[in-house]
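Below is one structure, written out as structure tokens; the observations come after it.
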2 protein chains.
Amino acid sequence: MKATGVVVEYNPFHYGHAYHVRQAKTHTSSDVAIAVMSGSFLQRGEPAIVSKWARTKMALQNGVDIVCELPYIYAVQKAETFANGAVSILDALKCRSLFFGSENGDIKAFERTAHAWLEKKEEIDLFTKEKVKEGLSYPAAAAAAFQEVIDPTHLLDLSKPNNILGFHYVKAILERSPHIEPFTSQRIASGYHDQELPEHQKIASATSIRKALKEHGSFETVTSYLPEASLKQLHDYHSSYDLLHTQEDYFSFLKHVFHTMDTAELKGIYEIEEGIEHRMQKAITHASSYEEYLSLVKTKRYTWTRLQRMNTHLLMRVKKNDMHELLKEKQAPYIRLLGMSKKGQQYLSLVKKELDVPLVSKLSSLSHPALDLDIRASRVFSLPISEPMQTELTEAEFKTSPIRYDEETGLFQSR
Amino acid sequence: MKATGVVVEYNPFHYGHAYHVRQAKTHTSSDVAIAVMSGSFLQRGEPAIVSKWARTKMALQNGVDIVCELPYIYAVQKAETFANGAVSILDALKCRSLFFGSENGDIKAFERTAHAWLEKKEEIDLFTKEKVKEGLSYPAAAAAAFQEVIDPTHLLDLSKPNNILGFHYVKAILERSPHIEPFTSQRIASGYHDQELPEHQKIASATSIRKALKEHGSFETVTSYLPEASLKQLHDYHSSYDLLHTQEDYFSFLKHVFHTMDTAELKGIYEIEEGIEHRMQKAITHASSYEEYLSLVKTKRYTWTRLQRMNTHLLMRVKKNDMHELLKEKQAPYIRLLGMSKKGQQYLSLVKKELDVPLVSKLSSLSHPALDLDIRASRVFSLPISEPMQTELTEAEFKTSPIRYDEETGLFQSR
């Protein structure tokens, strides 16, 4: 059996994702598709709109065979760390290929660029640091350094978000897992960050779907953009917990962190650097929304996304030293299994014996500080939910074994 | 001009309090009554039902001339520390007497008991420690030690809450401010902790009033037990902030603390001792309410009240070392003025020059770690309020100068 890997957030799962999974299987001639999915908090430093369990169900009902959690230590990170973590998990699961969507669509361009980067790595690093010192944000500096060091005719456009991610997947593959074959296809129809729902087609960006959900407060406007299974999971989650999570729901908790930590403690939090804690501390006492707060903190030096990640680390109180220690290892310390189809289950029973990394089905089976952070993330994620549902959801984390889906009957199996 | 002091929480201000203030002035033949009032969190470790500003207004409209805040470092403490802090502030404000209500009602009994205690202090301490080791809670151990060391015929009944507080006021006076004369009168009609509203009289306990407010969700049932000014302030607060604060409103924030602090950090919090942090950590993940959580933590060794105080210190993340440092001084480091009547203002202008302790009218006028804790308490207190009202209330802390009340016109003065 052959497996291909995809790296996803499914926030929420939409027709574009369904198309992507189908493509992944056909383009790579694979039997199963394995999704490495961010858990409670996402790469852009935002909470997921619904729990990882609801999103796992959406995925399984739409062609994904295995869903694993991308640990917090990789999930809420810049593209490079995010990609390295995801590739290490797909590698550990014996995937023979990785499939991603991109604005560019030509895998040769990614390979060329990654090779060029690897050759001139030090030179680019040096340039990047200089640009950062001049006041550019890290992604802007990296892109500019690239331009200066490498012949631009060979380059990917690294200002496009999916090109950046794809570049880091391919780079990670070249650096650490050369037996994985990378594939890409051009993303169709909608841009990653498109704010508005499109008028004449079914594929809309997850961003525009979340925005519509938030603005209209009902599922009606997004019905035609979401597969039935996604809609049902969103519906069920919303009626159980009375919430679709947004950053604003965590603002009081973030305030609590700032109110009760002194500057020295704030400085000990991962990614908090260069005195930004003073700026944040000042801003948060005056702001009455997360949006307002972040606008007060924003400077040219930091991207919005990076600031959001910093604030998620603050909300989670993730310490610098702890995170640096956990990121030292090149290989993900475990594979947390969230769900599988029957075919996925078959695949896992075949490769199980060859795995070098523990496969975690039940939280009680492994104790690891990175896994503790995933548990913490689940609990913090649940804080805005009213009681007793909040406790119900966090307790489920310990009771839920991976979700089993029977793709023939279309039913989830009771355990 | 002669001033008498009362130590209060006014949670909320009711007819019993009004009677107490009148008595204080007449029994001690004083011109002004100074109330030292707990701020955001109270002696039993609970949040106040409304802000200190609303409670200050209630007091001024009902015969109190000066309201000062009892700093957090004294307010959320066992009776002894609470009383010492309060007496030190009344002393600093040149009060010549202190008036308190008690179950006993005979000041001689208090003086006798306090003298006896001072004489046999070490012996009692020794006995108390032994009883605590045997598993008794501190108050129960202290009462038992008393019984054994001192002839019980001379004793106050120290199982009664207001006798305990009164005893500590008188003891503090004997130890540190012998020029203050203590007065007491028997509390009438209702017990301190009475749960039910009485049927045929106007004086109900604050506990029963809060309980009725919570259960009925309206002001109707309590109308006849509260002076008009109190009702109005409660009404106004509730319509501005859509909340009358209870401990349950802070439960998610307390969970956040536990989710994001490890055991070593929990152990560093003031009053967390003897491994109770493990018990708490375990209980909080399973409990879906504060009440349920505390029931799971409760043992014979700790009173409910002490556990509530511990959890308030956790919510505030008050560190052991910081608190121990702040409690070393025998004298309150400042007097925070919350409000005054015209007569109160006259009194203050008379004694102002003699004050040995800074009188804080505006927060910006003094920087002190104990004052920082008061500010922190205000901010934490406001967390359950929705935005933008939350920010409004916390910003007010810095803008509000003391409330001025004109007792002749019955109007608050605009500043």
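Proteins get letters first, then strands, A, B, ... in listed order; numbering begins at 1 in each. Everything quoted here is computed from the prediction, not taken from an experiment.
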Quick one: does [X]'s side chain get under 4.5 Å of [Y]'s, heavy atoms only?
X        : Y        : value
A/Gln390 : B/Ser252 : yes
B/Asp262 : A/Lys319 : yes
A/His286 : B/Glu395 : yes
B/His256 : A/Val257 : yes

What part of [X] gets within 4.5 angstrom of chain A, counting heavy atoms only: side chain, backbone, both, or neither?
X        : value
B/Met261 : both
B/Leu315 : both
B/Glu397 : neither
B/Phe251 : side chain

Side-chain (B/Thr391) to main-chain (A/Ala287) donor-acceptor, under 3.5 angstrom | yes

Quick one: does A/Arg379's side chain have a donor or acceptor within less than 3.5 Å of a partner on B/His259's backbone?
-> no

Residue selection (most heavy-atom pairs with chain A, distance under 4.5 Å) from B/Thr285, B/Ile284, B/Val380 = B/Thr285

Does one side chain, of A/Lys255 or B/Thr394, offer a donor that lies under 3.5 Å from an acceptor on the other?
-> no

Consider only side-chain N and O atoms of A/Ser289 and B/Glu387, and report whether a donor and an acceptor are under 3.5 Å apart.
-> no

